[in-house]
Structure formats: structure tokens, C-alpha cells
Amino acid sequence: MAPKVLMVAEKPSIALSIATVLSGGKMSTRRGSTEVHEFDGKFLGLHSYYKVTSVIGHVFRLGSLFLSSELWLLFPLLLIVDFPPAYQDWNTTDPLDLFQAPTLKSESNPKAHIRRHLSQEARGCSHLVLWLDCDREGENICFEDNNVRLLCTSVIECTGFHFKDGEARVYRARFSSVTEKDIAKAMDNLVEPNRNEALAVDARQEIDLKVGVAFTRFQTGYFQGKYGNLDSRVISYGPCQTPTLGFCVQRYLNINTFKPQKYWAVQPFIAHKGYELKLDWDREKLFDLDVSLMFQKLVMEDGTVEIINVFKKQEHKSRPAGLNTVNLLKVASSSLGFGPQMAMQIAERLYTQGFISAILQGVTVMRNFKLTAYANPTLGSLIYFLDLELSIFVILSFSYPRTESTAYPSSFDFRGALVTQQSNPLWGGYVQTLLADGYHKPRSGTDVGDHPPITPMRSATEEMLGYDAWKLYQYICQHFIGTVSPDCKYIRTKVEFSCGGESFSFTGQYVTAEGFTSIMPSLAISEKKLPDFAKGERIKISKVELYEGNTTPPDYLTESEVISLMEKHGIGTDASIPVHINNIYIRSFIEHQITLIAKGQADHSLVVKHVIEQFTQKFVYFVKQIEHMDALFEAQFSPLSESGRALSKCGKCARYMKYISPQPQRLYCNTCEDVYYLPQKGTIKLYKEIVCPLDNFELLLFSMPGPEGKSFPLCPYCYNNPPFEGVDKLFGAPKTGPGKLGKGSGMPCFLCPHPTCPHSLIAQGVCACPECSGTLVLDPVSAPKWRLYCNMCNCLVFLPQGAHRISTTKERCHDCNSTIIEVDFNKNNSPLADGATLHAGCIL
């Protein structure tokens, strides 16, 4: 019987491309959780039956880092590391306990049924081939590669395949594009997955989970509710965002502390052979006005400049090296008009469609965000981030697949890549000339052992790709063509002048051979032509100006600059350069240890134990020093007592409480010093000055946005402290622990079982919801479009239009036990007989 081979790709589109190439287009396709393509072929020299399927690139929650969906990252993983349920309550679990807590793996998206799908498809298969991106080998393993390694490990676990000594049953295919040539080459060079890399993944995941969750929970819990203008829903800690935000804060501080200084510069002008030239002063500028005026006077008294020297030199501008991911991001941000996230979405599509080779996917970007509070516990240091709108762009995380190499392998087929572009209507003629006259080998770049530089694989037009994708594809093509083009050559001329004992100069240049700049005009040399000058010649000065200016602070960091800083300091890469940011130092140490695990040179459990012990000590120190950070916050943020506006009366002291609208929405009683959290993502107002019969707090009315949004009353005290046992379903979220509520979740009046309160579920509930186990409740402020809504789900039932008033009664229907409702119509448009305006009945 022919052996069966299961192949798993990272995306359905890649699985389709692989199956199409290997089967020659002769395959059958059936639906599963993802498509499965089947065909006959040869595997390791034997006739075999192939099944090609994929996992799904999707959004998932990284463990318990933020339990209420506050932070989501982009990774195509199947299994995630998480804490057991006993440790997932923020309020009942001490963050310090998380460092020694057990962890478990769970399916990241159970509804997709990918684990079951892979397990079913693996039945009867003797070989597994993983078509997952592979960025690094050996010593080049880095943080981003953990995602790929974890995906490999996850797929192997889901399929049930195991490593067997002396028997290779699981393989990885290494490829950089989905072209026929690359797929065939990958099939001829299959390799085995590395068990040590799987252990390295486990170590990194456990460390990231425990450290990130512990610091995040403590910071959030400590600062939540302390300041009115601090968005403290989640104050997060992360190994990449800490140093990256540090760059931005440092630049902000440089700008804020910058003191401009006035300066002056002497600027003589000459007219020569039809050119008017402004000469550059060798001193550039002076910060003393009197001295500057003295030099201006000396030059004016002389009145002429003497030419001291004329230098001419042949210069060249080197063609670019191969295009890697970081440079693509920088160009997209600075020249093409869209940020890294959009650039990577487009590049990913071009990659999966076979137009370009390997790229980077899944970059999370925050634009112009508000810096709130952030701690850097790695060496016991504290960083505070001001609550200011900064014009900066920050990348939080990199994932897969990517290329950092700018050097092409010696076997790269440059001619073949150029041939695919020779028919392009824009640059085809240039490419044909290159092929005819001979192309140049690209500059020596950096080879980090991953994919070759990003290269066009197929020809395309704007009509095929669309405007944005075409812009990116056009740049990738022109960059590649530029790498094999001649250098740009130009003549640079510098003329030196003397006047009044001072030295001046003027520099010009003109191009003699455009070279690669003819295909990459954005890098062209800016020509500045000069007339002929002769040494010793004297020329009359037409005027002498004294320019007055001010020194200026640096600009806020741009996306391109942030990317460059991340690359320089090894954030999101495998660089181990000595750096000056404390937490990068610690992270470099951890990455070194993870790399040793992946190479089989360090014990997984010992490394995890050592790193966790280090961070446990730092966490304890950070907790002890948190008051210093709080002191910094007090200087920047407003305490609750000085925030918000008076809204409703406290039932304890009868004084007005303040409504604080910044997330999370809450009330604060300055007298009692109590905080009452409110439902989130809606509007709050006072509800008719009605008082809760249980605690004397004034009721509030919460309205959800949109035409179908619910409106309901609530008591601030009851909402945060449900007075009745057995209320296990709360608005906003289920209980997160025994007797504890999550911020923003609680018991509104429509869940309250109070027997006599006119706003409780007993009084306002009408009948059972037809779509769930909840109760349909009368919306008290929905006039004139009266309606019922479910207190559990989103079900809405609209009542007769035109009613002046609709209310519930104490009567019950004899047939269905629903509450009888009373409808009061306006006498001018009453639908009732004989001009009656009042009617009571059961809606069912």
C-alpha cells in the first residue's frame, strides 16, 4: 500500500500553491476545517498519496496576559501557554505566586477545530511535512523564531506524530517563496525539526507568560482607580515595548528640556558668469552677536573674495544592497505613505500570491498613542511615561516570516529574476538593456542565514494588484533591479574662498552616469552646477547678510526612526550588541540562554528556573519601590478628588459623588474615599433622582451606543456589591472569582431580584426570552419606540408604536404567567375602540 504523506502549511493559500505545484494541477480538493488537497506523487523515491492542508493565520490571546481581551497579538499558533483557572482571577491571585504557578497548553481557537482537523487528517499517514516559514538556523535563532518553532511543535502535537530514533517521520520544508522552483527545491532538501528548538520555545513561552502577567497585574491593580486622567485599564509590561517606549520617552524628554539658542552666520553673496551664489562660512555659526557683527564688517570692508583652491573629484554612489524586511518597513513609512502594519499586510498578500519572496508578517503598530504608565522592573529601575499625545509611532511586536539578510547566496539566479521583469511596460526596456550589456553583482551585504533578500518573483501591473499593492511591488522591483545596476557616478567640485581673513566655500556636483538612480529616481543625486573658477581669481561681493536663527529641538520619532532604533538595539531581532538600556541587557542574556537550549547546550528546566528566580527578585524589589513611581505619577496625573464632575449622591454620606469619564468609567466619593465602577462603553446620566430602596444611592441610567443599544438603570453600590446571593450572571462579565467582580461588570437593576423595588427584575421583567434563558425586560426610556430587551442576550422585542406610556403591572397572565403590561395611548391617535386610551394585556 502506498505510504500517505500529510503536508501542513501555515495558510490555506500557501497549501493551495504547494499542492498545485507538486500535483501539476491534477488534484482533488475537499472541505474540512481548512481545505485538503489530495493527489498521487513520489515521496523519497516511493509512490505516495499526498494530503496537503493548513492551519489558519488568526488572532489569538497570548495566555493570561490580559484576561479581558485587553491585548491581542497576531500569531498563527495552534496551542498557547496559559495558567490554570485557579490563577486567572486578578483579584484573588497574588501576582508573586504566578512565578511558581504551573502552566498548561490549550488550543488557541477551539471554534476553528484545527487540532481535531489535523488529528483526523494524520490518521493513516506515515510521514508529516511542515511547510512553515523558517527564519533561522543554529546560532541565528532569535525571539521571532520562537513563533515558528512553536507552530511546528503545535502541529506535531496536534497530529500525534512523534520523533522516533533512527526513523525520520517528521520533516520541515525550507522555502522563501511559493514559486515552482522554490517548492521543488524545498522538496529535494527536507530537514528534520529540532527537538531542542521545541524546548527553547517552551522556555521562552513560560518566561514571557509569567513575567508579563505578574508585572502587568500588579501595575494595573496598584494604579487602577488612583488617578482621574490616567487610562489605567491595563498598564502593561512587555520585553519589546519597554525599550521601544523608552526610546520615545527619551526623545520626548530631549524635546521638552531643549532650550533654543540664538545664533548668527555671515553669508556673503557673489555674482559670477550668470550665477548668483551664497557662500558657506567655515565657522558655520556663532552664538555671540557682537563677534558676528565684527566678522560681517571685516568681510564688507574687504569687498571681494579671492579663490584659494578649486577641487574636482570623481565620486560614485553605490548601488543598494539587497532589500531586507527592516529596510522595506522604513521605505514604506518614509516614502510610500503607509505604515508597517499596512505594508506587511500588502507584502504578505504579494508573497502568498507568488509575486515576491519572503517577507515579514504580523507587525502590531500603535499610532499617536497616549503614553500612560509603564514600569521597567528588569534592573530595579523605574520609568514613568507621561500622559501626553506624542506624535510618535511605535512597533510593539514582530512575528514571522521575515528576512534580515541583505546578501544574496552565491547560487542566486539573477538572470532568471531579471527575465521575469523584461516585459514590464515601465522598466522592461531598462531590464533588457541590463541583460544585453551585462548586469552587475550586488554589493556584499549581511547574510544572517535566513531567507535571501526580498525579490520579485513574477511580473505584475497596477491593474493586477491595485494601487497600494502596486506601489509596494513597484518599489521591491526597482530596488532589486537597482542592486544589479551600475553605480551612479558624478563630479563633485568644491571652491574655497577667502575674504577679510575669513574662509568660505561653495560645493557643486553634476552626474556623469546615472547608473541605478535611473531606475530608483528617489535616490538620484541632486545636481548643483557651478560656473568655471580659476585659482587666484578675485570676485566682487554683491552683498553680505548676517543670518539670525535659533537652534531647534529634534523632531518626534517617526516610524522609520523607531524601526532603525529597534534594529540597532536588537529589539525583535537576534542581535546581541552591547546596549545602554538596562532591560535590553537582561533580554539579551535571556535570549542567549534560549539560544543555548535550542542548540542543545543548556538544560531547559535549569534555564527557566534561573530566569524565573531572577525576575522574582526584581518583582519583589519593584513592589517595594512602587511608591517612588507613584510619586512621579502624582506630579503628572490628577487624583480622583480633583477629577470628574458632580453627578449623583452617595448613599453613605449624602454628598455628591464625581463621575470620572476616562476609561474605566467610575464614580468617586471624596468624603468616603470609595470608588464605584460603572458599565463601560456607554453614556451615564442621573436617572430622575430616584433612590435605591436598599442603600439610598441615587440611580443612574446607562445607555449603550447604537440604535439597538440597551438603556437600563443601576444603583452604583448594588452594581459593585450585589446584595443578593445566587446572582451568578452579571452584566459586562461573569464573576472572576468568589465574591469578586471584574472592573466594569456588576448587577444592574434588570438583574436585581428585589421584591418591591419598581426598577428590579421582579417589577420590570415581562416574560422569558425566546432566544436564551434570560428575561425580557421593559426598556424604561425607549419611548416613543417602546421595546423589551433581554437581560442576558441581545434580543429585542418592539412594542406598539404611538403609545404615550407603557408600564408593567403586578398582574400575571393566567395562561403563560407573563407580566401584564399596561398601554396608555394619546386620545388623538388611539387605535382602541370608542376612543379608549388605556389597555392592559399579555404580549404573548
Side-chain angles (χ1 to χ4, degrees), residues 679 682-683 685-694 698-715 718-719 722-724 726-731 747-844:
T683 59
K685 62 182 180 180
L686 192 63
Y687 186 51
K688 303 178 182 178
E689 298 185 353
I690 298 172
V691 174
C692 175
L694 289 175
E698 287 186 322
L699 298 187
L700 303 176
L701 184 72
F702 176 76
S703 299
M704 299 172 67
E708 296 184 357
K710 300 177 183 178
S711 295
F712 54 82
L714 64 104
C715 164
C718 292
Y719 190 81
F724 298 98
V727 180
D728 55 357
K729 180 66 176 178
L730 300 171
F731 179 78
M747 189 194 77
C749 293
F750 65 56
L751 291 175
C752 176
H754 194 284
T756 60
C757 177
H759 307 286
S760 69
L761 173 63
I762 302 300
Q764 295 296 316
V766 176
C767 62
C769 174
E771 297 183 6
C772 74
S773 59
T775 301
L776 292 180
V777 179
L778 178 66
D779 188 333
V781 293
S782 56
K785 298 181 179 180
W786 294 93
R787 63 185 182 177
L788 308 177
Y789 60 75
C790 178
N791 63 354
M792 296 289 186
C793 71
N794 294 324
C795 178
L796 291 175
V797 175
F798 290 93
L799 300 177
Q801 298 283 321
H804 173 67
R805 178 182 59 84
I806 295 182
S807 59
T808 57
T809 68
K810 295 182 179 181
E811 303 297 324
R812 293 279 178 171
C813 174
H814 296 295
D815 296 327
C816 65
N817 201 37
S818 296
T819 299
I820 299 297
I821 62 173
E822 187 176 80
V823 184
D824 187 3
F825 290 99
N826 189 297
K827 63 180 181 179
N828 295 327
N829 56 2
S830 173
L832 302 177
D834 302 325
T837 60
L838 196 63
H839 179 77
C842 174
I843 66 166
L844 300 180

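Just so it is clear, the structure is predicted and the values come from calculations on it, not from any experiment.
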K.L.:
For E689, which residues count as a side chain to side chain contact (heavy atoms under 4.5 Å, CB included) partner, sequence neighbours excluded?
P.N.:
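Per chain and number, E689 pairs via side chain to side chain contact (heavy atoms under 4.5 Å, CB included) with L686, E698.
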
K.L.:
Determine, stepwise, if the pair C769 / C793 fulfils side-chain contact (heavy atoms from CB on, under 4.5 Å).
P.N.:
CA-CA 9 Å; C769 174; C793 71; 3.7 Å; yes

K.L.:
Go through the structure and list residues passing side chain to side chain contact (heavy atoms under 4.5 Å, CB included) with P693, not counting sequence neighbours.
P.N.:
H754, C757

K.L.:
If I compare all heavy atoms of L751 with all of L761, which pair ends up nearest, and what's the gap?
P.N.:
C-CB, 4.3 Å

K.L.:
Using the test side-chain hydrogen bond (donor to acceptor under 3.5 Å, both in side chains), find all partners of S703 that sit at least two apart in sequence or belong to another chain.
P.N.:
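Per chain and number, S703 pairs via side-chain hydrogen bond (donor to acceptor under 3.5 Å, both in side chains) with S711.
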
K.L.:
Walk me through it: do C715 and L694 pass the test side-chain contact (heavy atoms from CB on, under 4.5 Å)?
P.N.:
CA-CA 9 Å; C715 164; L694 289 175; over 6 Å; no

K.L.:
So which pairs with a foot in residues 760-783 pass side-chain hydrogen bond (donor to acceptor under 3.5 Å, both in side chains), sequence neighbours left out?
P.N.:
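Qualifying pairs: D779-R787.
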
K.L.:
Which atoms form the tightest heavy-atom contact between L699 and C692, and what is the distance?
P.N.:
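Scanning both residues, the minimum pair turns out to be CD2-CB, 3.9 Å.
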
K.L.:
Test: ring-ring contact (aromatic ring centres under 6.0 Å, His included). Region: residues 781-804. Which pairs qualify, not counting sequence neighbours?
P.N.:
F750-Y789

K.L.:
Using every non-hydrogen atom in the two residues, find where I843 and L799 come nearest and quote the distance to one decimal.
P.N.:
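Scanning both residues, the minimum pair turns out to be CG2-CD2, 4.3 Å.
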
K.L.:
Give every donor-acceptor pair under 3.5 Å between a side-chain atom in residues 813-825 and any protein atom, sequence neighbours left out.
P.N.:
{"residue": "T819", "atom": "OG1", "partner": "G765", "partner atom": "O", "Å": "2.9"}
{"residue": "T819", "atom": "OG1", "partner": "R812", "partner atom": "NH1", "Å": "3.3"}
{"residue": "E822", "atom": "OE1", "partner": "R805", "partner atom": "NH2", "Å": "3.3"}

K.L.:
Looking at P713 and L701, what are the two nearest heavy atoms and their distance?
P.N.:
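Closest pair (atom of P713, atom of L701, distance): N-CD1, 3.9 Å.
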
K.L.:
So does C790 get a backbone contact from the side chain of K710, meaning a donor-acceptor N/O pair under 3.5 Å?
P.N.:
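Checked: pair present.
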
K.L.:
Please name the pair of heavy atoms, one in P748 and one in L714, separated by the smallest distance, quoted to 0.1 Å.
P.N.:
CA-CB, 4.0 Å

K.L.:
Looking only at heavy atoms, which two atoms of F702 and P679 are closest? And how far apart?
P.N.:
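Residues F702 and P679, closest heavy atoms: CE1-O, 3.5 Å.
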
K.L.:
Could you go through the side-chain contact (heavy atoms from CB on, under 4.5 Å) check for F724 and C752 one step at a time?
P.N.:
CA-CA 8 Å; F724 298 98; C752 176; 3.7 Å; yes

K.L.:
Could you tell me whether the side chain of C795 reaches within less than 4.5 Å of the side chain of C772, counting heavy atoms only?
P.N.:
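Not in contact.
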
K.L.:
Which word best sums up how the rings of H759 and Y687 line up, parallel for under 30°, tilted for 30 to 60°, or perpendicular for over 60°?
P.N.:
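If you compare the ring of H759 with that of Y687, the planes turn out perpendicular.
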
K.L.:
Quick check: do L776 and P770 have side-chain heavy atoms less than 4.5 Å from each other?
P.N.:
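Yes, at least one pair of side-chain atoms sits under 4.5 Å.
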
